[in-house]
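Comments concern the structure below.
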Protein chains: 2
Amino acid sequence: MSLSGKAAGIKDVALAAGVSVATVSRVLGNGPVSEALRKRVEDAVRATGYRPNLSARRLRSQHSQTIGLVVSDIRNPFFTAVSRAVEDAAYRAGMRVILCNSDENPEREELYLRLMQEERITGLIFAPTRATLDRLDGLDLDFPVVLIDRNAPATRHDAVVLDNPRAAAMLVEHLHAQGYRRIAGLFGNTSTTGQERHEGYRAAMTARGLVPAARFLAPHADAAEEAVVDWMAGSDRPEAFIVSNSLFLMGVVKAARRLKLPIPDGLAVAGFDNEPWTELVGPGLTVIEQPVQDIGQSAMTLLFERLEAPDRPSRRLVLGGTCIVRGSTAARMAEAG
Amino acid sequence: MSLSGKAAGIKDVALAAGVSVATVSRVLGNGPVSEALRKRVEDAVRATGYRPNLSARRLRSQHSQTIGLVVSDIRNPFFTAVSRAVEDAAYRAGMRVILCNSDENPEREELYLRLMQEERITGLIFAPTRATLDRLDGLDLDFPVVLIDRNAPATRHDAVVLDNPRAAAMLVEHLHAQGYRRIAGLFGNTSTTGQERHEGYRAAMTARGLVPAARFLAPHADAAEEAVVDWMAGSDRPEAFIVSNSLFLMGVVKAARRLKLPIPDGLAVAGFDNEPWTELVGPGLTVIEQPVQDIGQSAMTLLFERLEAPDRPSRRLVLGGTCIVRGSTAARMAEAG
DNA sequence: GCGATAACTGAAAACGTTTTCAACGACTTT
DNA sequence: AAAGTCGTTGAAAACGTTTTCAGTTATCGC
């Protein structure tokens, strides 16, 4: 197309169309332009192969058209799915996404928050660690924040989260109905999510006259595997485990295999996140399915609404999970003795 | 910190430090500044809570410090892992990443390529569809491109790919050694990856006097499941399947379950991508592990080297895969008859 | 027909930086 | 002591757009 050495700028287009740069800009941003000129300009744009410079546009217009997304690790399938939903919604709205992985590290979160300021992002979607969550209300950021997955009971920011206590309770309920009584729990120790799920678990257990027994672990499959092996070596062997995320789910399955305990007869298990493979391992794993798509989309919606009405009181969107029942929690066999 | 209504600009810092904006800029970009002034400026930066405006910086300096990453779908675990590696390397080098999901759709690829131009990205890491790959050499983009996962035999762009033919051959070899003879193949029909793996499969089969039997499918688990069910209903039932990606792996496992064929005795299977769950389903699935971390990092390295030496001839980095042997390809039992 | 209004257009300012350029003072060299 | 040289500094230009502001022309109401 262009034979000139340098890429065409808006000036070149203006020259080619015989109009002012202002008119070209108006055509591009659909301002008021006569049909005749609009046509001429559009032709000139094609002829020159002009591509607007987004940095310049952003600088002048003071609209970055960019939203930030900070999660702990994109490789966590939950965040993978949410990210995808967020990005789709963003691109659909003509915005770009800057994705950052914090690795559950508050220092990196701080670093990235600073980056977001420098990018002058329009808004942030954020799954913070507990440490940062505590500081968050104090920080004065010049963009709205929507929390996802994790949130504080009272924060000035909008949030969209799963109904974690309810979801954990559903698992307890289900296991109880299936005849399980000694139900142990493994929960993540870095996020509020783990806490909330534990709380739901604890409440549901005691409500049924069962005694809760929980451990809090770093979010790794290995940690869960070791915990289970260790636990099953003791005298208070649980009949079933409720676990807080899919990494722990893997850990439990590995432990069961190592201990040669069949699922569910030797050890029942239920957890969170309906990933495709949970259907395939063993007799299928019972899980709570999170509405990941919905979470991502809703986060964007909340963000846009907040941008339109900055002073409206903060909102908390609590979405329900679905309990997908599979073989890993099949009815408990009568026990001898 | 700042009590003023507006965020501090470089002017405010200059004013607070009693120096010119040029000096502030030099302190930030570590140009030549006396120690005394440098100190004054740094204090002023802290005092004002100054955050540079990256859009302005990019516009003036003509360095976007941004690299583009276009993959088919971030939810494909292979791309998830590669993305993470790319982003880590990028942030380490002080660059940002713009991630786009093409969904194997050439139109979206074109859209995103245009976007990349407008962002004036420094370079692109790209896993294109076959259609776009064909056009790619013709396009004149004003940034270097590093292809990942897929590539054309002869392209002017750098690339880092798995040794796909070899990897597929390894699977054939392994299955053959385990006593399997009727080995069918399922390959993706949208990428060159599928083609290359098929080629390796075909060659390895014929080299052993076996007859290859392959089908090409859209990259969905369902497609694979149907294909297997259909295939096993016919007269030429394979003893084993080699599949081109992890989605197909799921499809095969589901089909086996549906047909009540035990793995591996009723149906052996081996595939690509050593995802955590492949260890857990059935007797464990034999897979080729791709060096995902290495692929992402190498892509960035190739990109940087290209930026330093734009005229060096293009390079193709071919990485080897590792065959992880698991129960899904255990030695074939002697067959009656 | 004539002033008021509306619709369009262009010149120039603005966005917040980096970079160029010239100037300055303090040394060193001759 | 004059002439370079070096390291530091500030004024102003530049980056490529959008936006303001002030026209200009055409249209309308009377």
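Labels below follow one simple rule: chain letters A, B, ... track the order of the sequence lines, proteins then strands, and each chain is numbered from 1.
- Under the 4.0 Å criterion applied to side-chain N and carboxylate O atoms, Arg57(A) and Glu118(B) are not assigned as salt-bridge partners.
- Taking atom CD of Gln65(A) as the reference point, atom P of dT17(D) lies 16 Å away to the nearest angstrom.
- Rounded to a whole Å, the CZ atom of Arg58(B) is 12 Å from the C1' atom of dT17(C).
- Asp43(A) has a carboxylate O that lies under 4.0 Å from a charged side-chain N of Arg46(A), or vice versa, which qualifies the two as a salt bridge.
- The two residues Cys100(B) and Tyr91(A) come nearest to each other via the heavy atoms SG-OH, 3.3 Å.
- Between Arg57(B) atom CZ and dT19(C) atom P the separation is 10 Å, expressed in whole Å.
- Using a cutoff of 4.0 Å between basic side-chain nitrogens and carboxylate oxygens, Glu87(A) and Arg75(B) are not scored as salt-bridged.
- Thr48(B) places a side-chain N or O within donor-acceptor distance of the main-chain N or O of Val45(B), the cut-off being under 3.5 Å.
- Between the C1' atom of dG16(D) and the CG atom of Leu28(A) lies a distance of 12 Å, rounded to the nearest Å.
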TODO: List the protein contact pattern of nucleotides 5-15 of chain C with one symbol per nucleotide (5' to 3'): B for base contact, S for sugar-phosphate-only contact, - for none; contact means a heavy-atom distance under 4.0 Å.
DONE: ---SBBB-BBB
Hey, what are the protein-to-nucleotides 22-27 of chain C N/O distances that come in under 3.5 Å?
none

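- Tested against Arg108(B), the residues Thr132(B), Thr129(B), Asp103(B) include a single side chain to side chain donor-acceptor pair (under 3.5 Å) partner, Asp103(B).
- Atom-to-atom, CD1 of Ile10(B) to P of dG10(D) comes out at 12 Å; the value is rounded to the nearest Å.
- Checked for salt-bridge contact, Asp134(A) and Arg130(A) miss the test: no charged N lies under 4.0 Å from a carboxylate O.
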- [ ] Evaluate salt bridge (Lys or Arg N to Asp or Glu O under 4.0 Å) for Asp158(B) paired with Arg312(B), printing each intermediate quantity in order.
- [x] CA-CA 10 Å; Asp158(B) 296 317; Arg312(B) 121 179 10 193; over 6 Å; no
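- One atom, CG of Asp12(A), and another, P of dG16(D), lie 10 Å apart when rounded to the nearest Å.
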